[in-house]
Each structure stands twice: as structure tokens, then as C-alpha cells.
Amino acid sequence: MSTHQVFNQAPPRVDLDEYTANVALGEGVARYDAGWAEEALRATGLRVGTAQFQDDARRANRHKPELRTHDRWGHRIDEVDYDPAYHRIISAAVADGAHTSAVAEPRPGANVARAATFMLYAQIEPGHACPVSMTHSAVPVIEQHPHIAAEWMPRLLSRSYDGRLVPGKQSALFGMAMTEKQGGSDVRANTTVARPIGDGRYELTGHKWFCSAPMSDAFLVLAQAPGGLSCFLVPRLLDDDMRNAMRIMRLKDKLGNAANASSEVEYDGAIAHLIGGEGRGISTIIEMVTHTRLDCILGSVAGMRQSVAEAAWHARHRLAFGRTLIDQSAMTAVIADLQLETEGATAAALRLARAYDRDATAQDSAFARLGTAVMKYWACKRGPAHTAEALECLGGNGYTEDFPLAMRYREQPVLAVWEGSGNVIALDVLRALGREPAAFDAFDAEVSNARGADARLDAHLDRTRKLVRAVGADDAPQRRARALTSALALALQGALLVQHAPSAVADGFVGSRLGDDAGGFLFGALPTGADAVAIAARA
């Protein structure tokens, strides 16, 4: 029986071109030499915007992966079953080059195009982005070792996907397993033992407390060899097509990231191949970590985009007290502030991606070393609060699982945890400042390109330089690590927006984050004079 008519509800936000709708993303793609990818990015934007793709995203997160340690006859198989929707999503992402296209087809802007593709997919379904990111990040490690690269690089660069553990696959996804129960981020405390057995091969015995995407075809693993902590490639299938002795003990019951399986594993004589020299595990794998941190930024920005887009969509269709929500100044200010956060993070993420291209200068590479850590800290920290505010814009609907922001709210914190939580990253920033003066020189040169355009930004850049000098002279610099990292992040975002964004966005960001009447850390308290209507229109 019908008791009432349903009205004043926003229509489903589906069947949109998510690339064209994201104005800030499109501007950054053009700015950083990836305009050649526009056609492909529009196709991706249309694909991820469909009702079918969004339904697959819901299914993949509702129907969590399931572990099967044994088959029905009792054979040990250590497999994880995913909903078919997950396989459709990751297959599409791989086909569009969200994993390794920048390496397969290097050219100016290749990493920018790849970053945009990655963000479009992660905007709708973030769980699959973990193995996609790890595969992307494994490439710079693998390609430096010809004897390993000859076998694995063609499979890593393939745009086909096969989620099964079967011999003869022409493609591969990579994972990594570094942390253990007793150490966490302190990987030097690892106890997994690697025993040499000849020809660069070792047997691994021990465990990993977190091994994400355990159905990957191979993993980069840290273990203690006779010469110290070393990096190894551990395949799931051996040369004789038998399964390696990597046992999946259980899947993690996580707060979010539900579509992706994370696991605890044990190695019982697992065959592994040494990558780099013994005792050089951290220096070998650090390249992978750096690229994964970039993807943490991209994933956080993708979450910000989904959050503000959903909030703006609701506000433009919902009436309250005789007017649409977006036309009420309090809501306009909230949407605008959420968009400012997204704009700053998007600009910094794409600028960093450009610095990872093959044609990057030495100064760009030095800038990226510091800038990646700075923005990994800032964007990933801001992500959860950003989504919480966006969710609130939808009222009770936002708090239900029928709308995507409940999933997103659970998802955003993992990006702050993965590849170094807040203190780890902030301390890495301190180390970079102390050990690589060229990194700060390059960063300072980057932000100084904006000097003279806004007095408020100039004053912030001066304050930030003083902070850097003060940390160098401080007997207890750890206390200043977070404040310094935050100042650097705001400097980078402000400088990029002042140079490249529309005046309303640049003025709004600098005024709300750096100006004398900045509204603080809560969203929606924009300073007087900010053009909230113009900024919100970009959401």
C-alpha cells in the first residue's frame, strides 16, 4: 500500500562523465603535459560513472573476500574468493592502464595520465586500487634487476587481467609483505629468516602480519639473510607450477577497504629470489615505498573528489525551507570549503606525478622526494575529516550504506596508515631535510615560483623557511615535525593554486588556510570576501 508520494530526494548520481565533471582534474592533466590522454580519460570517466560500474563497486564492498585454505579433498590451496564484481572492476582498471601505463608507454605527462586514470577508478571503488598501486610501485624495483626483469616485466606491463592462480598467465599483479607482529613500521626488527640455497634463491621461514592482496602473482618481501635485512621476490607459483609454501593464515577483519583482502601469512620454506644485495633490503624496496606513497596521495584525493561531488549533488537537488540547499549560504560555504581542499590536493598530486616522469629533471626528482612525503602526510590526514563533513551534508542518508559516503568514510583512514602513519611520515620529512639539502632547495624553488602574487602566501613561505631553519637548530626536532610538514603542505598547495587556479579558488584557499582570518581546521568557515558560489560551482 502507498501512504505517500516520494519527492524532494536527489536523483541517483550515475551515468555521468566523471572526468569531464572534475574540472580541477582536467585542468591539471592539461597543465602537466598529459592533454594527449584526454580521449582515453573521458572514456574512463564515462565507464566509472555508469550505474553498472557503481553497482559493481557496491557489490564488491558488500560481499567481502573469503579465504579457502583447503579444497574439498583436503589439499592446501590458500586461495581467496572475490565477488565477480571485484574482478570486473580491477580488470577494467588494468585494461585502462591504471597500473603500469606510465612505464609501458613513457612520454611527457605519462605519470599524470596514469594518475588521473588511477584516481577515476579509485573514486568509485577504492579497494581494488591496492593491488593496482602495488603493481605500479613494484616496477621501478624489478626493472633495475635484469635477471628478474626479463621474466616479470612483460607480465607487469600487460593490460590483461586474470585473477586465478594458474600456470602460463601472460599478466601479473604484485603485492608486498614487509611488516611483522613485533615490529610494524620498524622493519629492522623483522625475524623472518632467508636461507640461501644457491643460484640467488633462498628459502624463507617466518611470517608477515600484513600482506595485502594475497592472490597477487608475486610479492616483494623483506627477510633476514645472512648479510642482513634483504629484499626478495616471492612468487605464488614455482617454476614447476607448484604452489609456493606461502600459507594464508587468516584475512584481516578491517574497518574499511572491504573489497580488498588483507591477510596474515606464514612462509614455511617458501622459495624466494634475492633482489639487490644482502643487507640492502630497505634501500632496495624504498623505491617501491615512494611510489606507493604517491598513490596514497592519489587515493586520498580520489576520495575527496567522490565526497565533495556527492555532497554537491545532494545540495543542488534537495530543497529545505523553500530553497535548494546549495543556495543557502551556510551550505554553499561548506561545499566551497570541501572543494578548496580537493583543489589544493589535486593540484599537488598531479604536480608530483609529473615529477615522476622519465623526462623529469634532477631538480624535479629532488622536489618529488620531499614533496611526496609532505603531501602523503597532509592529504591522507585531511581525507577522513573531509569525508565526514561531506557525509553530513547528506544528513541521515549519508550515514546509511545505501549511499557511497559511508563506505568512503571507512576507507579514507587506511591511506594515512598505509606506507607510514603520521609520525613516520613527518619524521621522514625531517630526515629528508637533514640529509638531502637539495630536496628542500628544490621544494623551495617550486613554491617560490608563486612569490609576489599574494602577500599572504609570501608571508607563509617566509614563516615556513624559518621553521625549517629552526628545526635544524632544535635539540628536540621531533616535536616540530608535524607542524613543519603541515606548513610545507600548505605552502605547496597555495603556491600551485595561486599560479594556476581561477582567482576565486586561489584567493579562497589562501584566505581560508593562510590568511589572518583563516577559519581554522573545520570546514565551512570561509573568510569574508571568499567567492563561495564560484568555488562551489566547480564541485
Side-chain angles (χ1 to χ4, degrees), residues 24-25 115 118-119 121-123 125-130 132-134 136-137 176 178-179 184-185 210 212 254-257 260 262 286 288-308 338 340-353 356 368-391 405 407-432 443 481-493 496 513 521-523:
L25 180 62
F118 179 86
M119 286 193 283
Y121 276 100
Q123 175 184 330
E125 201 301 294
H128 81 284
C130 176
V132 168
S133 172
M134 291 190 295
H136 160 72
S137 303
M176 58 181 166
M178 293 190 286
T179 61
S185 296
F210 277 93
S212 199
K254 298 175 291 184
L255 168 67
N257 200 242
N260 173 49
S262 299
I286 196 66
M288 183 179 192
V289 171
T290 300
H291 281 73
T292 311
R293 286 178 174 177
L294 175 63
D295 282 357
C296 287
I297 301 168
L298 301 179
S300 292
V301 177
M304 290 181 185
R305 171 57 192 167
Q306 181 182 43
S307 299
V308 71
L338 292 171
L340 288 174
E341 194 70 31
T342 308
E343 296 256 2
T346 300
L350 295 178
R351 173 64 186 95
L352 285 167
Y356 280 79
R369 284 197 295 275
L370 179 58
T372 301
V374 165
M375 285 308 301
K376 198 283 186 190
Y377 173 86
W378 182 261
C380 299
K381 282 289 188 189
R382 296 288 281 174
H386 185 277
T387 297
E389 190 69 55
L391 182 155
L405 294 191
M407 176 275 292
R408 179 59 64 180
Y409 183 60
R410 292 192 300 273
E411 188 71 27
Q412 290 292 67
V414 74
L415 294 161
V417 173
W418 196 29
E419 292 304 349
S421 54
N423 281 346
V424 171
I425 298 297
L427 293 176
D428 279 355
V429 169
L430 285 187
R431 278 190 288 272
F443 187 96
R482 288 188 173 221
L484 174 58
T485 305
S486 299
L488 290 166
L490 289 168
L492 177 58
Q493 294 171 93
L496 292 171
R513 273 75 173 161
F521 291 101
L522 297 180
F523 293 102

Asks: Determine whether the side chains of H386 and T342 contain a donor N or O and an acceptor N or O closer than 3.5 Å.
Replies: yes
Asks: Taking all non-hydrogen atoms of both residues, which atom of N260 and which atom of K254 are closest, and how far apart?
Replies: O-NZ, 2.6 Å
Asks: Would you call D295-K376 a salt bridge at under 4.0 Å N-O?
Replies: no
Asks: Could you grab the distance from atom CG of L496 to atom CG of L350, nearest 0.5 Å is fine?
Replies: 10.0 Å
Asks: Taking N257's backbone N and O only, do any of them form a donor-acceptor pair with E411's side chain (distance below 3.5 Å, no angle check)?
Replies: yes
Asks: Return the minimal non-hydrogen interatomic distance between V424 and R431, and the atom names on each side.
Replies: O-NH2, 4.1 Å
Asks: Looking only at non-hydrogen atoms, find the nearest pair between F118 and G299 and report the distance.
Replies: CE2-N, 4.0 Å
Asks: Is there a donor-acceptor pair under 3.5 Å between the side chain of Q412 and the backbone N or O of L415?
Replies: no
Asks: What are the two closest heavy atoms between A345 and Q493, and how far apart are they?
Replies: N-OE1, 3.3 Å
Asks: Are the side chains of T290 and L294 in contact, using a 4.5 Å heavy-atom criterion?
Replies: no
Asks: OH of Y356: more than 12 outside heavy atoms within 6.0 angstrom?
Replies: yes
Asks: Out of the candidates S212, S133, C380, only one should pair with W418 under the side chain to side chain contact (heavy atoms under 4.5 Å, CB included) rule; please name it.
Replies: S133
Asks: One thing to verify: whether E341 and R513 come together as a salt bridge, which I'm taking to mean a side-chain N less than 4.0 angstrom from a carboxylate O.
Replies: yes
Asks: Does Q306 use its side chain to pair, donor to acceptor, with the backbone of Q123 at less than 3.5 Å?
Replies: yes
Asks: Hey, mind stepping through L391 and R408 against side chain to side chain contact (heavy atoms under 4.5 Å, CB included) and telling me if it holds?
Replies: CA-CA 9 Å; L391 182 155; R408 179 59 64 180; over 6 Å; no
Asks: First locate atom CD of E389, then atom OG1 of T387, and finally report the distance between them rounded to the nearest 0.5 Å.
Replies: 10.5 Å
Asks: Any idea which heavy atoms bring S137 and T292 closest together, and the distance?
Replies: OG-OG1, 3.0 Å
Asks: Checking R293 against D428 for the salt bridge (charged side-chain N to carboxylate O under 4.0 Å, His left out) test, could you report, in this order, the C-alpha distance in whole Å, the side-chain angles of both residues, the deciding distance, and whether it holds?
Replies: CA-CA 12 Å; R293 286 178 174 177; D428 279 355; 2.8 Å; yes
